[in-house]
Amino acid sequence: EPEVTQTPSHQVTQMGQEVILRCVPISNHLYFYWYRQILGQKVEFLVSFYNNEISEKSEIFDDQFSVERPDGSNFTLKIRSTKLEDSAMYFCASSEALRGDPLMGYTEAFFGQGTRLTVV
Amino acid sequence: AQTVTQSQPEMSVQEAETVTLSCTYDTSESNYYLFWYKQPPSRQMILVIRQEAYKQQNATENRFSVNFQKAAKSFSLKISDSQLGDTAMYFCAFHTQGGSEKLVFGKGTKLTVNP
């Protein structure tokens, strides 16, 4: 069964360093997403990406964050200068189409297993 | 803004028994979807069940069923004949039909199924 894969499973980085979290979405999917979950908190939407550009982002997704689809298979989240409060689980997801599209009906988003980012 | 609240941080149940996880939400939208996601120790988020708000009939997937009360904005998950493999975090989530692409999640309920 196709699945979304994320690497690494755990990343430890020093405050101020740049990190890149990697995701390989399901191959025929067109929409990609990043979510994060700070320990003990809600899973929060960060950004969605379609057709090589950001289609929606939350207020959390400020200038220190960026996303990219560098080679047609990977989807990356870069955090430019990490802060202690960036420590969280980061989940990538992908879907075949826009979920809840009135014409296409609902299409499921598939999640990866997450990357635990620890900023020290 | 939409919010999702799960008031039970942790629950436990004996194997083969039934357990109900609670979820309430707040929205001014009339068309939306509600979900329960399961996150086992492997950490993969897995869709358990989905409910379209326009459907009055409660969704069912094998041992999993929901009690959707639209007027009360309540969406509980019932797990029947609980199995050890049901041990996981369960997240209730909300998605507006059309418009925003984001899922809005609750904080989750940690369910432990005891042998």
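Residue numbering restarts at 1 for every chain, and letters A, B, ... go by the order of the sequence lines. Just so it is clear, the structure is predicted and the values come from calculations on it, not from any experiment.
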Is there a path from B:M45 to B:L77 through hydrophobic residues (I, L, V, M, F, W, Y) whose side chains come within less than 4.5 Å of each other?
no
Shared hydrophobic cluster, A:F91 / A:F49 (ILVMFWY, side-chain heavy atoms < 4.5 Å):
no
Which bit of B:V4 is near chain A, if near means a heavy-atom gap under 4.5 Å: side chain, backbone, both or neither?
backbone
With a strict 4.5 Å heavy-atom criterion, list every residue of residues 20-29 of chain B that contacts chain A, or say none.
none
Between A:Y35 and B:F105, does the ring centre distance come in under 6.0 Å?
yes
Cut-off 4.5 Å, heavy atoms of chain B, and the answer for A:S55 is both
Is the count of non-hydrogen atoms from other residues, nucleotides or ligands lying under 6.0 Å from A:L39 atom CG greater than 12?
no
Neighbour count above 12 (heavy atom, 6.0 Å) for A:N51 CG
yes
Please determine whether residues B:M89 and B:W36 belong to a single hydrophobic cluster, defined as Ile, Leu, Val, Met, Phe, Trp and Tyr linked transitively by side-chain heavy-atom distances below 4.5 Å.
no
Counting only heavy atoms closer than 4.5 Å, note whether B:F35 contacts chain A via side chain, backbone, both or neither.
side chain
So NZ of A:K42 and OG1 of B:T3: to nearest 0.5 Å the spacing works out to 6.0 Å
Could you check B:F91 against A:Q37 for side chain to side chain contact (heavy atoms under 4.5 Å, CB included), going step by step and ending with a plain yes or no?
CA-CA 12 Å; B:F91 294 97; A:Q37 183 186 26; 3.3 Å; yes
Quick one: which of A:K57, A:E44, A:E56 gives a side chain to side chain contact (heavy atoms under 4.5 Å, CB included) with B:K102?
A:E56
Linking I/L/V/M/F/W/Y whenever any side-chain heavy atoms sit under 4.5 Å apart, do A:F61 and A:W34 land together?
yes
Do any of residues 76-89 of chain A come closer than 4.5 Å to chain B, heavy atom to heavy atom, and if so which ones, in number order?
A:M89
Membership question, hydrophobic clusters at under 4.5 Å side-chain separation (ILVMFWY): are B:L103 and B:F75 in the same one?
no
Above 12 or not: heavy atoms from other molecules or residues under 6.0 Å from NZ of B:K78?
no
Could you please spell out the steps behind the side chain to side chain contact (heavy atoms under 4.5 Å, CB included) verdict for B:Q44 and A:F111?
CA-CA 6 Å; B:Q44 193 117 19; A:F111 282 80; 5.6 Å; no
Sort by residue number and list every member of residues 4-15 of chain A having a non-hydrogen atom under 4.5 Å from chain B.
A:V4, A:S9
Under 6.0 Å from the CG atom of A:N28, do we count more than 12 heavy atoms belonging to anything else shown?
yes
Name each donor-acceptor pair under 3.5 Å that joins a side chain in residues 106-115 of chain B to protein atoms two or more places apart or in another chain, with its distance.
from   : atom 1 : to   : atom 2 : distance (Å)
B:T109 : OG1    : B:Q6 : NE2    : 3.4
B:T109 : OG1    : B:Q8 : O      : 2.6

